[in-house]
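Just so it is clear: chains get the letters A, B, ... in the order the sequence lines come, proteins before strands, and each one is counted from 1. In what follows, every heavy atom counts, from backbone to side chain, and hydrogens, waters and symmetry copies are set aside.
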Protein chains: 2
Amino acid sequence: MTWLTVTSSLRKLAVIAYPEPVADHLDRVVAQWGAERPDLDVSPMEVFGRLKRLFRLVDAELNRTFAEHGLDAPSFDVLATLKRSGPPYRLTPTGLMESAMVTSGAITQRLDRLEARGLVTRTRSDQDRRSRDVELTPEGHALIDRALPAHVANEHRLLAGLDEAQKAALIEAMRALLEDLGEGSG
Amino acid sequence: MTWLTVTSSLRKLAVIAYPEPVADHLDRVVAQWGAERPDLDVSPMEVFGRLKRLFRLVDAELNRTFAEHGLDAPSFDVLATLKRSGPPYRLTPTGLMESAMVTSGAITQRLDRLEARGLVTRTRSDQDRRSRDVELTPEGHALIDRALPAHVANEHRLLAGLDEAQKAALIEAMRALLEDLGEGSG
DNA sequence: CGAGGATGCCTTAGCGCTGAGATACATTGG
DNA sequence: CCAATGTATCTCAGCGCTAAGGCATCCTCG
């Protein structure tokens with residue numbers, strides 16, 4: 001376990017802030033690079049490597065709850081975006097596209113699937129005949145009303161291990177990073 | 001901007017810790033749910049929503065640097081995993097699979113592509129004839145040696161807006177979440 | 001030893017997404 | 001009013017991944 005002897009300055013800071021963290025995959029990765037390329041400061045990997053792994057694990061956990069309701073993440077995303085937009089629960093594909101951060105082609109296909117299942121309707125807009133009004137059907141409402149509380153409970157469960165200070169710090173650091181990357185300017 | 005009047009308890013905590021954060025996409029999402037479903041505590045979305053958006057934005061940024069070196073994220077991932085494993089720069093598909101958190105089929109295909117480009121070799125193991133030894137070729141070494149410093153510099157650039165305390169808090173919170181989700185136990 | 005199960009990797013159908021491009025409609029400026 | 005440009009959506013080929021299953025090899029234990 002020679003990799004345990006290598007620690008970055010960030011790691012040491014962390015140890016001071018929160019006692020006894022367990023070595024995880026990224027500690028090993030950083031230690032390996034320390035041995036192989038000691039000339040490089042790979043400490044940013046502590047952030048981005050964990051971001052990637054966390055995203056994958058969370059994604060899998062959330063999908064399980066979606067599947068229990070006959071949904072997947074893309075479908076849930078569209079239904080939830082329509083629901084939280086409030087009355088009249090109607091958005092354009094462009095609005096959905098910006099919210100989901102996917103291309104227009106992806107939204108077209110998501111809506112094809114949801115429309116085929118009778119969960120949303122797609123009508124031509126009267127104001128702008130290029131555009132479409134996407135709206136929840138009663139079935140769509142019923143489904144998202146069932147799935148949402150389960151999803152929220154699932155998210156609470158996943159966060160149960162963090163205290164308020166950790167959550168707040170996590171949120172603020174991610175907020176800062178998002179702003180750096182141009183979020184909110186659009 | 002009625003959504004600005006709605007704030008979660010987490011949000012207020014955060015405001016105390018770091019002055020004047022700008023409202024971002026997730027603030028709006030949480031405010032919308034507050035109006036539509038005031039019975040639900042959707043504060044976990046502050047974490048998971050930002051995690052998702054951050055992952056997407058970071059992924060796009062990192063891919064740009066990979067592309068400058070004729071790579072994409074999956075290829076870079078395999079080459080970097082082999083490189084950081086140190087001499088003799090050789091791993092099995094199973095090892096690569098666990099590191100990348102993808103299925104065996106995904107690794108097979110990644111290796112097909114890299115082998116076709118002459119960046120890795122795949123030979124039968126002598127110890128276990130079911131297994132394979134995947135090894136960097138000289139061309140693979142040359143490519144990852146060029147791409148890695150650029151990638152690390154890129155990651156430093158993306159983190160430039162965070163101070164040390166924010167980085168440390170972010171890392172420790174993600175480490176705690178990863179451990180909750182079963183990382184490190186494997 | 002030899003059967004049954006475990007393991008390591010590969011194959012393949014199907015899925016959701018991207019990127020490039022097409023179409024239809026809207027807006028702007030002369 | 002019209003031409004030029006911009007905008008909203010859809011189309012489609014191609015990509016990487018998953019899930020399920022197959023094959024060869026290894027291991028365990030009666």
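- Across all strands, A/S125 comes closer than 4.0 Å to no nucleic acid atom at all (heavy-atom distances).
- Per the geometry, CZ belonging to B/R132 stands 14 Å off P belonging to D/dA24, to the nearest Å.
- Judged by closest nucleotide on DNA chain D, A/G95 is the one of B/S104 and A/G95 placed further toward the 5' end.
- Comparing A/V102 and A/D126, the nucleotide of DNA chain C nearest to each residue sits closer to the 5' end for A/V102.
- Between D/dT18, C/dC9, C/dT18, one nucleotide has an atom nearer to the side chain of B/T94 than all others, and that is C/dC9.
- Under 4.0 angstrom from either OP1 or OP2 of C/dC15 there lies no side-chain N or O belonging to A/R113.
- Neither OP1 nor OP2 of D/dT7 sits under 4.0 Å from any side-chain N or O of A/R129.
- Ring planes of A/H141 and A/Y89: perpendicular class, angle over 60° (limits at 30 and 60°).
- B/T103 comes within contact range of at least one nucleobase, with a heavy-atom separation under 4.0 Å.
- B/R122 comes within 4.0 angstrom of sugar-phosphate atoms only, judged by non-hydrogen atoms across all strands, and of no base.
- The aromatic rings of A/F55 and B/F55 sit parallel to each other, their planes meeting at less than 30°, with 60° as the upper class boundary.
- With rounding to whole Å, B/N63 atom CG is found 13 Å from D/dC15 atom C1'.
- By the 4.0 Å N-to-carboxylate-O rule, B/K52 lies too far from A/D59 to be salt-bridged with it.
- In terms of phosphate contacts, A/S131 brings a side-chain nitrogen or oxygen within less than 4.0 Å of OP1 or OP2 of D/dT9.
- D/dT9 atom P lies 9 Å from atom CG of A/L96, rounded to whole Å.
- Rounded to whole angstrom, the span from the CG atom of B/D72 across to the C1' atom of C/dG19 amounts to 15 Å.
- Checking B/H25, B/R53, B/R50 one by one against A/E183, the side-chain hydrogen bond (donor to acceptor under 3.5 Å, both in side chains) holds for a single residue, B/R53.
- A sub-4.0 Å separation between OP1 or OP2 of C/dG8 and a side-chain N or O of B/T92 is absent.
- Between the side chain of B/S75 and the main chain of B/D72, no donor-acceptor pair closer than 3.5 Å is present.
- Rounded to whole Å, the distance from CG on B/L111 to P on D/dC17 is 11 Å.
- The CZ atom of A/R157 sits 10.0 Å away from the CG atom of B/D180 when rounded to the nearest 0.5 Å.
- One atom, CG of A/D112, and another, P of C/dC15, lie 14 Å apart when rounded to the nearest Å.
- Judged by atom type and distance alone, B/R130 reaches the base of C/dT7 through a side-chain donor-acceptor pair under 3.5 Å.
- Rounded to whole angstrom, the span from the CE atom of B/M101 across to the P atom of D/dT18 amounts to 10 Å.
- Picking from C/dC9, C/dT18, D/dT18 the nucleotide with the shortest atom distance to the side chain of A/Q109 gives C/dT18.
- Rounded to whole angstrom, the span from the CZ atom of B/R124 across to the C1' atom of D/dA24 amounts to 8 Å.
- The side chain of B/D128 approaches D/dC26 more closely than any other nucleotide in the set D/dA8, C/dT18, D/dC26.
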